[in-house]
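What's counted below: heavy atoms across the whole structure, side chains too, no hydrogens, waters or symmetry copies. In the text below, chain A, chain B and the rest are named by the order of the sequence lines, each starting its count at 1. None of the values given here were measured: they were computed from a predicted structure.
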There are 2 protein chains.
Amino acid sequence: MKLSKTADYSLRILSFMAKKPDELHTAKELVDKLNISDKYLRRLMTKLSKSGFIKSVQGREGGYRFTKPTEQIFVSQIIDAVDGLDKYMGCILGFGACSDDNPCALHKKWALVRTDIMNLFKTTSIAEMAQKDVQKI
Amino acid sequence: MKLSKTADYSLRILSFMAKKPDELHTAKELVDKLNISDKYLRRLMTKLSKSGFIKSVQGREGGYRFTKPTEQIFVSQIIDAVDGLDKYMGCILGFGACSDDNPCALHKKWALVRTDIMNLFKTTSIAEMAQKDVQKI
DNA sequence: AACAAATACTACTTGCAAGTATTATTTAAT
DNA sequence: ATTAAATAATACTTGCAAGTAGTATTTGTT
C-alpha cells in the first residue's frame, strides 16, 4: 500500500515549501533539499501549478509560491490532482464492478479500512505535515 | 491502494479453488472461469505450487490441489509469497528509512491504518473468501 | 540590447509488471 | 510404443510510470 512516486514527491515538495509558506521557492532549491531528480521535479511543479495549489513566477527571480493558506490544502486534494484518488480507492482485488451491491470477497472488510484511509487523507493538511521534518531517503 | 495483479489473481484463483477444496483443478478450468490470461495464470500456478499452498499433479489427468485445509491459508501468506508483504507495508511516502524513531510526516497516522490492513490480511482465510462469489470483471 | 537565471515544453530512454509465444516434460489411456 | 492432455521452463513483447536530455520561453539586471 503505497502512493505513486509522483504523489510522494508532491507531498514532500509541498510539505517542504509549507515550512516557509509565504516565500518563493525555486526548483533548484527544492531539488537540492529534497533529493528528487531535477527534470522530474520541474515537470511536476508545472503540473502542481496548473492544479492551482501553487503558482509559478517565470523568468529571473522566478519560482513557486502557494496560492492559499497551507491549512486549506489537504493530502487528498494533492493526490487527486496528480494521480486521481480513484487510483487508490478502488476494489482491493482490482474488480472494476465491485460495489456494495456487487461486493468482492473482501469488500466489506476493505471498505472499513478504505474509509479510514480516506479520512486520513482528507483531514491532513499540508500545514500539519510541514510541522514534521521531511526525510531525504 | 491496491494489490498487484499477481496478488489479485492469486487470491481470486485460490478463493475459487477453495469452493471445492478437495478437487483437482486444471489450469484450463481456472482460465475459463476466472477470466485471467492463460499463460500468466499457468506461470502463477507454478509459483503458488512452489510456495506450498497447492501442489501440482503433472501429466494427463493432472492439475492443482490444496496441500492443507483452506481454513489454514491466510491472505497475508499468499500476498507474502507472490509479492512480499514488505511491498505493501512500507512507508506511505516511500521513505526507506521511515520508522517509529525516524518518522515521516504521516507515519503515526498511517501506522494505525497499516495495522488494520495487516490484521485484515492475517485474519482472513481463503476458506472465508471462498464463501463469497468471485467476480469476473 | 545583451545577458543571466528562472520556468515550460517536447521528445527520448529506462525499468518493471503484465502479457504472450514456443518448446520441453510428465503421465494416463489406448 | 504412441498419443493426448496436462504442467514446466524459457524467452520475447507490451504498456506505463519514472527518469533524462535538449530546446524554447519568460523576465529582471546590467
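One N or O donor and one acceptor, one from the side chain of B:Lys39 and one from the base of C:dA21, sit under 3.5 Å apart.
With A:Phe95 as the aromatic partner, B:Arg12 meets the cation-pi criteria of under 6.0 angstrom to the ring centre and within 45 degrees of the ring axis.
When rounded to the nearest whole Å, the span between CD1 of B:Ile36 and C1' of C:dA17 equals 15 Å. A straight line from CZ of A:Arg42 to P of D:dT23 spans 16 Å, rounded to a whole angstrom. As rounded to whole Å, 15 Å separates atom P of C:dA17 from atom CG of B:Leu3. Spacing between atom CG of A:Leu44 and atom C1' of C:dA8 amounts to 14 Å, rounded to whole angstrom units. Following rounding to the nearest Å, A:Met45 (CE) and C:dC9 (C1') show an atom-to-atom distance of 16 Å. Regarding B:Asp8, its CG atom lies at a distance of 15 Å from the C1' atom of C:dG19, rounded to whole Å. In this structure, CZ of A:Arg12 is placed 12 Å from P of D:dA18, rounded to the nearest angstrom. Between B:Leu24 atom CG and D:dA5 atom C1' the separation is 13 Å, expressed in whole Å.
Which of D:dA4, D:dA8, D:dT20 sits closest to the side chain of B:Ser56 comes down to D:dA8. Checking C:dA5, C:dC9, C:dG19 against every side-chain atom of A:Arg60, the shortest atom distance belongs to C:dA5. Counting only heavy atoms from C-beta on, B:Tyr40 has its side chain closest to C:dG19 among C:dT7, C:dG19, C:dC9. For A:Thr46, counting side-chain heavy atoms from C-beta on, the closest listed nucleotide (C:dA8, D:dT7, D:dA9) is C:dA8. Distances were taken from every side-chain heavy atom of B:Arg43 (C-beta onward) to each of C:dA28, D:dG19, D:dT10; the shortest belongs to D:dT10. The B:Gln58 side chain lies nearest to D:dT7 when the options are D:dG28, D:dT7, C:dG19. For B:Lys28, whose side chain is taken as the heavy atoms from C-beta onward, the closest listed nucleotide among D:dA6, C:dG19, C:dT7 is D:dA6. Closest to the side chain of B:Glu61, from the set C:dA28, D:dA21, D:dA18, is C:dA28.
Counting non-hydrogen atoms under 4.0 angstrom, B:Ser49 reaches nothing in the nucleic acid. Note on A:Lys47: nothing from the nucleic acid sits closer than 4.0 angstrom, heavy atoms only. Among the protein residues, B:Lys55 comes within range of no part of the nucleic acid, since none of its heavy atoms lies under 4.0 Å from any strand.
Summary of the strand contacts: A:Gly59 and A:Lys5 both lie near DNA chain D, and taking for each the nucleotide with the nearest heavy atom, the more 5' one is attributed to A:Lys5.
Proximity of a side-chain donor or acceptor of A:Tyr88 to a complementary backbone N or O of A:Ser4 within less than 3.5 Å is detected. For B:Arg42 (side chain) and B:Ser37 (main-chain N/O), no donor-acceptor pair under 3.5 Å exists by modelled atom type. Within the 3.5 Å criterion, the main-chain N or O of A:Asp101 finds no donor-acceptor partner in the side chain of A:His107.
Heavy-atom minimum distance, B:Leu34 versus B:Ile13: CD1-CA, 3.6 Å.
Residue pairs meeting the side-chain hydrogen bond (donor to acceptor under 3.5 Å, both in side chains) criterion with at least one member in residues 60-81 of chain B: none, sequence neighbours excluded.
Distances shorter than 4.0 Å separate some side-chain N or O of A:Tyr9 from OP1 or OP2 on D:dG19. Remark: A:Ser37 is not in phosphate contact with D:dA18, judged by side-chain N or O atoms under 4.0 Å from OP1 or OP2.
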